[in-house]
Amino acid sequence: MGVLFIIAFRNLVQARRRTALLSGAIGLVTLLLVLLLSLSQGIADNLVKSATTLSAGHVVVAGFYKPSPSQALPLVTDAAKVRKVIEDSTPGLDYIVSRGRGWGKFVGPGGTVQAGYTGVTLAGEPHFLETLQLAFQDEYVDGGKHEVLGDATRIAEPGAVIIFANQARRMEVEVGDDLTFVTETSDGRTNTIDLRVVAVARDLGMLSSFSVLGEAETLRKVYKLNEDTAGAFWIYLKDIDQAEAVMGTLRVALAQAGFQLMDHDPNPFFFKFEGVAGEDWTGQKLDVTIWRDEVSFLVRILDVFNLVSVFIAAVLLVIVAIGIINTMFNIVRERTREIGTMRAIGIHRSRVLVLFLIEASMLGLFATVMGATVGAGLSMAIDAAGFPAPIDAMKAILLSDTIHMSVRFATLAQVIFVLTSCTGLAALWPAARGARLRPIVALGYTS
Amino acid sequence: MPGIVELTNVVKDYPLGKLSVRALHDINITIGEGEFTAIAGPSGSGKTTILNMIGCMDVPTQGTVSIAGTITNNLGDRALTDLRLNRIGFIFQTFNLINVLDVYQNVEFPLLLQGKLSGAERKARVNAMVEKVGLTKQIGQRPNELSGGQRQRVAIARALVTNPAIVLADEPTANLDSKTGHAIIDLMSDLNRNDKITFIFSTHDPKVMECATRLVKVEDGRVVG
């Protein structure tokens, strides 16, 4: 078999120009695919980061409390007991965060923002300050200074809120300014409270348009909630990939502890209000989801992006595959006499087939490794350069103000494997044609 | 005593459009072990077709071909390939070496396909064979670095390295100048005399025919002498 590798390799080297052109085409498709997948991974990273900072933990235990059949409040009652079950039953638990949930209007001097009020208890959130990056003043104030103002740790103060740069621009507020929060309470009345902006955070994509982070006790007062309630428990795991399995485990544990559970619905909690309000029951039902469910509308954008990427790569791959098939037919034709000689000497058809498949796969491997290496380097360079997204629509898709690209070794290995296999497969037809040649025909003794 | 090659009432037809052309008419040839046989005749007389039958690269339309006791008519491609690999050596008019392999690798190739010998045994066998054809100094060179005569010597070494029962040579001197051609025939003749290897070669060169211990004359697809 080793000699087949030698023949394949030396034939590729001998036909330098053809090898270079074909490698270039395969390498370019690989490069493009790596760039698209790196961008997709970058968006996915942004999505996970923003989702697990603003919307969810890796697993979320939330729920609805219905004081009457027509009302639904995003509340977890008997919160201490729920938390105890989570602590006792979650494998691979890192930490739990209790977040308050509210929804209303934030009114500033320049405008209004409709957003969720997320109640934060700083003492119970070990990584809150690490995940939140504060914005420079010039990111939300025209002519502002290129320096960070405010202090995120002040979110522990009563009435304190951290807003995002896009909200600061829309409401024309900055650090130290006051806002008014207007919301409807469980008894149907409108309640308002003044809040103070203690910091302005850098945007985390689309989600940061709909979320304001505030002190948890203030939220409790606005909604007149007692101590043993929570908006949601955000559960952070040591391995985010275990989220789905942990969700299943927790559903069983909570049911065994006597809690009523909603059927799993892979959508964010605010999508469920209407449906739950229309259901004919009262009391508490818990809702267990994972982070992906809470940002399912954004995951769909990512899915579409991935689909488009794969489609583009597939079209290019088909074009290249046609080129490979055509080239391999030429190679087989050029080397018909060599095939005839080898068949006369005593090589089996299967080995002739393998010879040409090795040749095509070798070419594919070389080209895809080169393409993937250049693509990975380019992705890392673009990521390091931190190019700003040129238009707002792109920011919404990227979930970031800058183009973030993330290269994973496993992705590169998959791309190399898949494209090399495709190259090998594309050679199958011409290789089979070569292998089927009778030695007497291949040697030109008869047609 | 049965011959190592026996062609009995062999007929070969080739399709030509809707017609059929008869290339061989009722051929009967028996060649004994250790013979140095020339199949002679003008171009288109059927020499190569006979060699193809003996070389298991083609099967007769009628009649039987027996190689070293095996009747080839009903063998499939795999069995015919194995028969070629293990019992027959080929020397071609245009040398037909594998251009990307050097002399050593070209000679070693059939042994690798057989897979019977260890690396050390293969090396010893190949080196001995290359020495026998006088190409030890050129062992690392590729075919395009060799003269025509040297290439044909490589082809001879490759044909002999598996110790075949028969070596077939299709016009082995046709692409060589007369001096080199004679040197090649002398080499084959020496190998036949010293190692008792059965050689069957086609030629239309009268000087080459003189070297054969047996001559089979063919004309218009028939044996005429």
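Quick note: numbers below take in every heavy atom, side chains included, and nothing from hydrogens, waters or symmetry partners. Quick caveat: nothing in here was measured; it's all calculated off a predicted structure. Just so we're on the same page: letters track the sequence lines, and every chain starts at 1.
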(request) Identify the residues of residues 306-322 of chain A whose heavy atoms come closer than 4.5 Å to a heavy atom of chain B, ordered by number, or report 'none'. (result) none
(message) Heavy-atom cut-off 4.5 Å, strictly under: side chain, backbone, both or neither for B:Ile98 against chain A?
(response) side chain
(request) Pick one of side chain, backbone, both or neither for B:Arg87, based on which atoms fall under 4.5 Å of a heavy atom in chain A. (result) neither
(message) Please classify the contact between B:Thr162 and chain A as side chain, backbone, both or neither, with a heavy-atom cut-off of under 4.5 Å.
(response) neither
(message) Surrounding CG of B:Asn144 (heavy atoms of other residues, nucleotides or ligands, distance under 6.0 Å), is the total greater than 12?
(response) yes
(message) Test side chain to side chain contact (heavy atoms under 4.5 Å, CB included) on B:Phe109 and A:Ile7; report intermediate values, then the result.
(response) CA-CA 11 Å; B:Phe109 190 66; A:Ile7 293 172; 3.9 Å; yes
(message) Does A:Phe9, at its CZ atom, have more than 12 non-hydrogen atoms belonging to other residues, nucleotides or ligands within less than 6.0 Å?
(response) no
(request) Assess whether atom CZ of A:Phe366 is packed by more than 12 heavy atoms of other residues, nucleotides or ligands within 6.0 Å. (result) no
(request) Assess whether atom CE of A:Met370 is packed by more than 12 heavy atoms of other residues, nucleotides or ligands within 6.0 Å. (result) no
(request) Step through the shown structure and confirm whether more than 12 heavy atoms of other residues, nucleotides or ligands are within 6.0 Å of CG on B:Asp220. (result) no
(message) A quick test of your reading: do over 12 heavy atoms of other residues, nucleotides or ligands sit less than 6.0 Å from CD of B:Glu131?
(response) no
(request) Assess whether atom NZ of B:Lys123 is packed by more than 12 heavy atoms of other residues, nucleotides or ligands within 6.0 Å. (result) no
(request) Report the option among B:Thr49, B:Asp77, B:Leu101, B:Asn86 that has the most heavy-atom pairs separated by less than 4.5 Å from atoms of chain A. (result) B:Asp77
(message) Suppose a student defines contact as a heavy atom less than 4.5 Å from any heavy atom of chain B. Which residues in residues 340-357 of chain A would they list?
(response) A:Thr341, A:Met342, A:Arg343, A:Ala344, A:Ile345, A:Gly346, A:Ile347, A:His348, A:Arg349, A:Ser350, A:Arg351
(message) So, taking the atom named CG in B:Asn99 and the one named CZ in A:Arg335, what distance separates them when rounded to the nearest 0.5 Å?
(response) 10.0 Å
(request) Measure the CZ-CD distance between A:Arg10 and B:Gln105 for me, rounded to the nearest 0.5 Å. (result) 4.5 Å
(message) I'd like to know whether NZ of B:Lys132 has more than 12 heavy-atom contacts from other residues, nucleotides or ligands below 6.0 angstrom.
(response) no
(message) I'd like to know whether A:Leu443 forms a side chain to side chain contact (heavy atoms under 4.5 Å, CB included) with B:Asn96, so could you lay out the CA-CA distance, the side-chain angles of the two residues, the decisive distance to 0.1 Å, and finally the verdict.
(response) CA-CA 9 Å; A:Leu443 284 167; B:Asn96 290 29; 3.2 Å; yes
